[in-house]
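Every value quoted in this text rests on a predicted model; they were computed, and no experiment measured them. Lettering of chains follows the sequences in order, A, B, ..., and the numbering in each one begins at 1. Heavy atoms only: backbone and side chains are in, while hydrogens, waters and symmetry mates are out.
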Amino acid sequence: MIKNENIEPIQFWKEDAPCGKLASDYLNKLLFHQRYDACKLITDASENGLGIREIYLDVLQPVQHKIGWLWQNNEINVAQEHFCSATTQLVMSQLYPKLISHNRKGKSMMAVCAPGELHEIGVRMVADFFEMDGWDSYFIGASSPINSIIDMIIDKNISLLAVSATITFNLAPATDLVKAVKNSEAGKIAKILIGGRIFNIAPDVWKQLGADGYALDAETAIYEANSLLMAS
Amino acid sequence: MTEMNNLKPVSPEAVEAFKKEQQNIINDAVAVSMKFKEDVEHHGEQAEQLIGTGLMFTAKMLEAILPTGQTVLLDDQLKWAVERLPHDGVQTTQIIKRLNYFSEALSKRIPPRLSEEIIPYIDYMIKRMEEITSSQ
């Protein structure tokens with residue numbers, strides 16, 4: 001395997017952080033393709049009282065970032081990367097029943113990827129955070145036609161559309177989606193919140209898309225969404 | 001790396017012209033690349049396809065960034081290229097050459113008043129890649 005000596009390894013979490021060891025153990029299970037053990041690590045941590053927010057933000061998210069970095073630096077191949085991502089999605093499914101808030105807010109949100117964007121774990125986390133905050137969340141993820149997104153916003157009277165884009169060349173499709181929603185009946189119903197890797201790199205770009213707001217991550221998305229809806 | 005300000009966002013007319021001529025620009029740049037055997041023979045029989053795919057990625061990335069003027073997005077892509085592409089057998093010196101071929105093809109395919117809006121983006125990428133290469 002080629003090693004690029006010029007690339008500095010990035011630290012995605014600190015080993016002595018509260019969830020540092022769990023993150024390292026989870027990563028190792030993934031890299032050794034131990035799906036059952038990886039899932040059990042996380043579900044056991046949850047059973048032992050670790051909060052879903054901590055599991056998402058301090059374990060799953062940094063581990064997924066590390067997985068991406070390992071692929072970028074040719075330490076793992078595409079199949080291994082997909083195995084890790086699929087396992088993390090499985091873990092999230094197992095945690096889902098625990099994150100339902102009984103304090104419902106009577107608001108609804110829909111979480112989608114920009115057309116063509118396949119990285120959906122981040123926006124799935126966003127949907128789950130809204131669910132924990134008492135919203136009705138509709139996680140749609142990747143590969144939904146724009147018209148069907150618009151129809152669903154109208155049908156479900158969605159207050160907020162969260163759009164995520166990771167890969168730079170999906171900026172143009174994200175713009176198309178925002179414009180299409182804004183120019184439709186759905187644009188009168190839903191505010192549009194933008195997020196994802198591209199917008200974290202260039203935080204002003206979301207304004208050029210014509211969206212209503214931007215959020216750095218799942219936690220700030222809740223705050224931004226509540227602010228947007230209060231202002232309208 | 002030196003700090004540079006953002007570039008002027010490219011007009012919708014120039015972006016449209018770029019999209020329309022994109023495949024021709026890529027074909028031209030691939031054809032020129034293939035003439036330099038020493039830069040392509042290590043790719044084997046897949047050389048033409050590999051270079052074409054790489055330049056298509058470059059074109060789609062540029063298409064997305066041109067209307068924004070955000071060089072930080074170009075920097076991110078270059079960082080990705082420097083980290084990833086050597087593992088796929090593409091060295092930074094070859095990236096620079098192919099960007100130059102791409103730029104030349106673009107200048108020939110798109111009217112000057114429109115290509116002049118786009119060329120600074122490619123010049124920026126070449127300059128950055130040269131800085132990276134010289135620091136390695």
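Surrounding CZ of A:Arg197 are at most 12 heavy atoms belonging to other residues, nucleotides or ligands under 6.0 Å away.
Applying the salt bridge (charged side-chain N to carboxylate O under 4.0 Å, His left out) test to every pair with at least one member in residues 46-57 of chain B, sequence neighbours left out, gives no pairs at all.
Side-chain contact between A:Trp135 and A:Leu160: present, with at least one pair of heavy atoms (C-beta onward) separated by less than 4.5 Å. Within the 4.5 Å cutoff, no side-chain heavy atoms of A:Ile67 are placed close to those of A:Trp71. With contacts defined as side-chain heavy-atom distances shorter than 4.5 Å, the pair A:Leu60/A:Ile121 does not qualify.
Of the atoms belonging to B:Pro9, not a single heavy atom falls under 4.5 Å from chain A.
A salt bridge links B:Glu13 with B:Arg113; the closest basic N to acidic carboxylate O contact falls under 4.0 Å.
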Check: Going through the checks in order, is the ring pair (Phe, Tyr, Trp, His ring centres under 6.0 Å) test met by A:Tyr26 and A:Trp13?
Finding: CA-CA 12 Å; A:Tyr26 179 63; A:Trp13 60 87; 9.5 Å; no
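Contacts with chain B were tallied for A:Leu171, A:Ile167, A:Ile198, A:Thr168; A:Thr168 has the most, counting heavy-atom pairs under 4.5 Å.
Identified by a heavy-atom distance below 4.5 Å to chain B, the contributing residues of residues 200-217 of chain A are A:Ile201, A:Ala202, A:Asp204, A:Val205, A:Gln208, in residue-number order.
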